[in-house]
Amino acid sequence: MASVSAPSAALSPHRTSASAALLFPYPCFSPRVSPAPTARPRRLAVSARAMPWPHVLTVAGSDSGAGAGIQADIKACAALGAYCSSVITAVTAQNTVGVQGVHAVPEEFVGEQLKSVLADMSVDVVKTGMLPSAGIVKVLCENLRKFPVKALVVDPVMVSTSGDTLSGPSTLATYRDELFPMADIVTPNVKEASKLLGDVSLQTISDMRSAAESIYKLGPKHVLVKGGDMPDSTDAIDVFFDGEEFIELHGLRIKTSNTHGTGCTLASCIAAELAKGATMLHAVEVAKKFVESALYHSKDLVIGNGPQGPFDHLFSLNSPLHKMGSLHKFNPDDLFLYAVTDSGMNKKWGRSIKDAVKAAIEGGATIVQLREKDTETREFLEAAKACVEICRSSGVPLLINDRVDVALACNADGVHVGQSDMPAWEVRELLGPGKIIGVSCKTPAQAGQAWKDGADYIGCGGVFPTTTKANNPTLGFEGLRTVCLASKLPVVAIGGINTGNAGSVMELGLPNLKGVAVVSALFDRECVATETRSLRSILMNACSRS
Ligand SMILES: Cc1ncc(COP(=O)(O)OP(=O)(O)O)c(N)n1
Ligand SMILES: Cc1nc(C(=O)O)sc1CCOP(=O)(O)O
Ligand SMILES: [Mg+2]
């Protein structure tokens, strides 16, 4: 390895001009001349408003093509709001074609880097990637014992996605014997899981479960076996195991060749979320969604001439919605006061859809659905476009009932579908991961399916009898309770809800119940804003009581 050279005099921060000093107000120091990084006072007095910054340390290899390895880890953590320091274990020469060369960093110098960061920089979570020798794994374990962290995420990188070997058999044994027992989660793909278990064949979800259980027995607290390499299906299914329960995590299989670095990214996202304080399952779910979204947004990007390109971790910075300052990510609390329009009622009261939506937002609706059953498509689309503008300028998500085509054409925030509409997984394929999908569910089985299909929330009703929807079975509080208890998704209650009974619905204090969806009690009234305002204050009072 070439040794680290000291900064040149021209660039040295110790010789800055007055204006450069303003840009770099804190003295920097060369790693060669700094004192040994034992506990020492912080460089600056910590102000009363000092903010902790979630910190992930990645211990991994450098990818010259910057799609995977250290480079992917830093970008992933940055995208999720965590600081990412890096200990480099190997320098690889690679690109979109494959790995052309690997140059391992000497063990002692990996140790020196680890000590520098761990002794000084309040690391929350360590994430490991390529560990090219048994010696490096051992040095890492020693340092982790000396400088304990909140969590250890181990991505057992053994073979690159292009098929090149990145760590040999002796490393495998050290992984299993020394590193896994310290890990909070291990995240092998099926090829890695098979290698770890002596080349067992993994062909089915049931094989993945057995593999997760066998790896769990090696000592980590959680295992995620990633099924992205399993034979083609519309889903990318991963199996999560916490020692008690297996959870299948379904994701969208994005059709793209820009998948280089997905494993590193997923593990880094898990680490970033853990550093921010998430539970393990939540961290895994967020990470999976992030990778799915990044692949979706990068599917048509072109860089390099090889078969496997990188993807854009910072896609949200480039999204037109972000540039407009209104990137909508689904927030379940938005379900609090869900206004669902009805063309017949608005016509009866002589108002346009647009005016109805404006009034609902003025009164405090937190999400709006256009449910226009008898409006001609062209008229509906025009109205929907106007409503998108109104909602976006108020930061209120706008969903379209049933009509995926209209939602796409007006760039709405999502779609609500029922059991006889297009299945939610097909809606997800058409809308992509960034849009909100709601599904009407009356049973736990339907709620389970909605979750598998990639929905964001469920609408559950009729809580009370309604005249707005014909032949709608009434579930009552008991039916609502059964679905809420079974649901893995946030729930909004619907059906016959009005200012007289909304409080009693929220006071049930049901898990997952985030709010109420209302049609006639808002829109079959003279003043939509007044009704919405009254309902909002009733809901707020009920929530403060329960
Ligand atoms: C929030 C919410 N929940 C349930 C429904 C009902 O949807 P669906 O069963 O598809 O019936 P229609 O609304 O299409 O008649 C909903 N629209 N919104
Ligand atoms: C559209 C809809 N879906 C329901 C369900 O149970 O899934 S009940 C319903 C109608 C709700 O209208 P109102 O607030 O006027 O009762
Ligand atoms: Mg429908």
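Positions are given from 1 along the sequence. Counting starts at 1 for both ligands and their atoms, in listed order.
Heavy atoms from other residues, nucleotides or ligands lying under 6.0 Å from NZ of Lys354 number 12 at most. Around atom CD1 of Ile303, no more than 12 heavy atoms belonging to other residues, nucleotides or ligands sit under 6.0 Å away. Glu389 CD: 12 or fewer foreign heavy atoms inside a 6.0 Å radius.
Ligand 1 places these atoms under 4.0 Å from at least one heavy atom of Asp402: 10 (O), 14 (O). Here is the list of ligand 1 atoms found below 4.0 Å of a heavy atom in Val417: 10 (O). Listed by number with element, the atoms of ligand 1 under 4.0 Å from a non-hydrogen atom of Arg371 are 12 (P), 13 (O), 15 (O). Residue Ser520 has at least one heavy-atom neighbour below 4.0 Å for each of these atoms of ligand 2: 13 (P), 14 (O), 15 (O). Every atom of ligand 1 with a heavy atom of Ile494 under 4.0 Å away is listed here by number and element: 2 (C), 3 (N), 4 (C), 18 (N). Taking every heavy atom of Gln369 and a limit of under 4.0 angstrom, the matching atoms of ligand 1 come to 1 (C), 2 (C), 16 (C), 17 (N), 18 (N). Contact atoms of ligand 1 toward Asn401: 12 (P), 13 (O), 14 (O), 17 (N) (distance under 4.0 Å to a heavy atom of the residue).
Using a cut-off of 4.0 Å between Lys/Arg side-chain N and Asp/Glu carboxylate O, Lys348 and Asp524 are scored as salt-bridged.
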Working note: His313 + Phe311, criterion ring pair (Phe, Tyr, Trp, His ring centres under 6.0 Å); need CA distance, chi angles, decisive distance, verdict. CA-CA 6 Å; His313 295 75; Phe311 57 91; 4.6 Å; yes

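For residues 481-490, the pairs satisfying side-chain hydrogen bond (donor to acceptor under 3.5 Å, both in side chains) are Glu478-Arg481, with sequence neighbours left out.
Heavy atoms of Asn472 found under 4.0 angstrom from ligand 2 belong exclusively to the side chain. By the criterion of a heavy-atom distance under 4.0 Å, the side chain of Lys469, and not its backbone, is placed next to ligand 1.
Residue Ser440 has no N or O atom closer than 3.5 Å to an N or O atom of ligand 2. Geometrically, ligand 1 and Tyr338 share no nitrogen or oxygen pair separated by less than 3.5 Å. Here's the thing with Gly418: one of its N/O atoms is less than 3.5 angstrom from an N/O atom of ligand 1. Not one N or O of Ile494 is nearer than 3.5 Å to an N or O of ligand 2, by distance alone. Considering backbone and side-chain N/O of Arg371, none are found under 3.5 Å from N/O of ligand 2. Geometrically, ligand 2 and Gly462 share a nitrogen or oxygen pair separated by less than 3.5 Å.
The aromatic rings of Phe477 and Phe464 stand perpendicular to each other, their planes meeting at an angle above 60°, with 30° marking the opposite boundary. The aromatic rings of His55 and Tyr83 lie perpendicular to each other, with more than 60° between the two planes, well past the 30° mark. The aromatic rings of Tyr457 and His416 sit tilted relative to each other, their planes meeting at an angle between 30° and 60°.
At a cut-off of 3.5 Å, with distance as the only test, a side-chain donor of Thr259 or Gln308 sits close to an acceptor on the other residue. Between the side chains of Thr530 and Arg525, no donor-acceptor pair of N or O atoms lies under 3.5 Å. Side-chain polar atoms of Asp207 and Gln203 form no donor-acceptor pair below 3.5 angstrom. Counted by atom type alone, Ser268 and Asp73 present one or more donor-acceptor pairs between their side chains at under 3.5 Å.
Between His222 and Phe240 there is a side-chain heavy-atom pair separated by less than 4.5 Å.
Paired with Thr375 under the rule side chain to side chain donor-acceptor pair (under 3.5 Å), one option of Arg378, Glu372, Glu379, Lys373 passes, and it is Glu372.
At a 4.0 Å cut-off, not a single heavy atom of Gly459 sits close enough to ligand 2 to count as contact. In this structure, Lys373 has a heavy atom closer than 4.0 Å to ligand 1. Residue Val340 places no heavy atom under 4.0 Å from ligand 1.
Which of Val516, Val519, Thr466 comes nearest to atom 16 (O) of ligand 2 through a heavy atom is settled by distance: it is Thr466. In the candidate list Ser440, Gly459, Cys441, Ser440 is nearest to atom 4 (C) of ligand 1, counting heavy atoms.
For the Mg ion (ligand 3), the count of nearby protein N, O or S atoms, meaning those under 2.8 Å away, is 2.
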